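This report refers to the structure that appears directly beneath it.
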Amino acid sequence: MRIATWNVNSVRARLPRVLDWLATRRPDVACLQEIKCLDDQFPRAEVEALGYRVETFGQKTYNGVALLALQPQPLEDLRRWKANGSPEGEARVIAATLGDLRLVNAYVVNGQAVGTPKYDYKLTWLQRFGELVREEHAAHRKLVIVGDFNVTFDDRDVYDPVEWHEKILCSTAERQALAAVMGSGLRDAFRHFTQEGGHYTYWDFYTRGFQRGNGLRIDHVLMSDEALASCSEVKIDVDARKGEKPSDHAPVVATFQ
DNA sequence: ATGGTAGCTGGGCTA
């Protein structure tokens with residue numbers, strides 16, 4: 001079984017790319033972030049035509065997440081979660097159970113810049129998200145948390161660590177907040193299989209980051225030991241970042257036995 | 001010197 005996570009940066013603008021990617025890669029479950037539409041605006045029929053069940057947690061203009069499950073894969077105990085105290089309507093987390101595996105799909109707050117109100121909100125949001133993760137882990141031993149975390153783990157995840165030192169996506173407080181979310185029970189599954197740096201999942205449009213090789217690894221697959229024990233590989237699908245009208249993120253795909 | 005993209009939306013915000 002393969003579980004993929006992908007920040008698509010608008011599912012409607014990306015529809016041809018998303019459909020092509022689903023049709024060729026055929027992940028058993030696809031976790032999308034930044035769908036940037038309401039539930040009834042999601043291109044449901046087109047995705048269902050490829051054999052997927054669609055569960056969305058949408059929002060107008062910003063954010064929004066979705067779970068796509070290749071049928072007859074069961075999706076049970078759906079949970080659409082908002083951080084207590086978050087701005088009205090922020091749809092960032094959707095979770096479901098597949099057999100003995102609990103899956104949480106998250107789009108973490110970006111934070112704009114260190115020291116701004118949005119940065120403070122990001123740290124607070126991560127704290128609250130940590131409570132949800134602990135709750136889910138207490139209920140499910142085999143836990144997988146995927147998504148756009150908007151945080152790098154260390155310098156190996158940054159193309160220019162000097163330039164990005166203590167900048168947004170790389171600051172010590174963000175990394176500590178992510179570590180707190182993971183506690184002692186969740187691991188960075190990509191790093192478990194790949195130790196060297198230089199593997200990225202996000203390249204900025206604005207500075208033409210992909211063409212320059214300027215990337216960051218901020219999309220992650222976090223696993224409990226029980227989940228990691230049945231995982232055989234975690235790969236970044238860099239090809240999906242190439243070509244016409246790509247998202248600024250590449251998918252990350254985890255394979256299970 | 002402070003550029004340059006992309007998406008949603010219908011001017012400005014977000015990334």
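In what follows, chains are A, B, ... by sequence order, proteins preceding strands, each numbered from 1. Note that the structure is predicted; figures quoted are calculated from it, not measured.
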**Report entry** Spacing of A:Asn63 atom CG relative to B:dC13 atom P, expressed in whole Å
**Finding:** 17 Å

Requested in this report: Start with the C-alpha distance between A:Asn9 and A:Lys36, add both sets of side-chain angles, then the distance that settles side-chain hydrogen bond (donor to acceptor under 3.5 Å, both in side chains), and finish with yes or no.
Outcome: CA-CA 7 Å; A:Asn9 190 358; A:Lys36 290 188 172 179; 2.9 Å; yes

Report task. In whole angstrom, give me the gap between the P atoms of B:dT14 and B:dG10. Result -> 14 Å

**Report entry** d(CZ, A:Arg208; P, B:dG4) in whole Å
**Finding:** 10 Å

Requested in this report: Test for a donor-acceptor pair under 3.5 Å between the base of B:dC8 and the side chain of A:Tyr62, counting only N and O atoms.
Outcome: no

Query raised in the report: Closest to the A:Thr61 side chain: B:dG4, B:dA6, B:dC8?
Result: B:dC8

Query raised in the report: Rounded to the nearest Å, what distance is computed from the CG atom of residue A:Asp148 to the P atom of nucleotide B:dG7?
Result: 16 Å

Requested in this report: Could you tell me how the ring of A:Phe210 sits relative to the ring of A:Trp203: parallel (under 30°), tilted (30 to 60°) or perpendicular (over 60°)?
Outcome: perpendicular

Query raised in the report: Rounding to a whole Å, what distance do you find between A:Trp125:CH2 and B:dT14:P?
Result: 17 Å

Report task. Using atom OH of A:Tyr206 as one end and atom P of B:dT2 as the other, report the distance to the nearest whole Å. Result -> 12 Å

Query raised in the report: Which residues, ordered by chain and number, are linked to A:Ile35 in its hydrophobic cluster, where ILVMFWY side chains connect at heavy-atom gaps below 4.5 Å, directly or through other members?
Result: A:Trp6, A:Val8, A:Val11, A:Leu15, A:Val18, A:Leu19, A:Trp21, A:Leu22, A:Leu32, A:Phe42, A:Val47, A:Leu50, A:Tyr52, A:Val54, A:Leu68, A:Leu70

Query - From B:dT14, B:dA15, B:dC8, nucleotide with atom closest to A:Tyr107 side chain - result: B:dA15

Query - Ionic contact status for A:Asp188 with A:Arg217, cut-off 4.0 Å - result: yes

Report task. Determine the Euclidean distance between corresponding C1' atoms of B:dA15 and B:dG4; express it in Å to zero decimal places. Result -> 14 Å

Query raised in the report: What integer distance in Å separates A:Asp204:CG from B:dG3:P?
Result: 14 Å

Query raised in the report: With nearest nucleotides of DNA chain B determined for A:Phe205 and A:His249 from heavy-atom distances, which residue corresponds to the more 5′ nucleotide?
Result: A:Phe205

Requested in this report: Could you check whether A:Arg14 gets within reach of a base, just the sugar-phosphate, or nothing at all, counting any heavy atom under 4.0 Å?
Outcome: sugar-phosphate

**Report entry** N-O pairing of A:Asp20 and A:Arg17 below 4.0 Å
**Finding:** no

Query raised in the report: Would you say a side-chain N or O of A:Lys245 is under 4.0 Å from OP1 or OP2 of B:dG7?
Result: yes

Report summary line: Assign each of A:Arg212 and A:Pro246 the nucleotide of DNA chain B bearing its closest heavy atom; nearer the 5' end lies the nucleotide of A:Arg212

Report summary line: Ranking B:dC8, B:dA15, B:dT5 by distance to the side chain of A:Asn110, first place goes to B:dA15

Query raised in the report: Counting just side-chain N and O atoms, does A:Lys60 come under 4.0 Å of either OP1 or OP2 of B:dC8?
Result: no

Report task. Identify which nucleotide among B:dA6, B:dG4, B:dC8 has an atom closest to any side-chain atom of A:Thr207, counting heavy atoms from C-beta outward. Result -> B:dG4

Query raised in the report: To the side chain of A:Glu34, which of B:dT5, B:dC13, B:dA15 is closest?
Result: B:dA15

Requested in this report: Please state how far atom CZ in A:Arg241 lies from atom C1' in B:dT5, giving the value in whole angstrom units.
Outcome: 10 Å

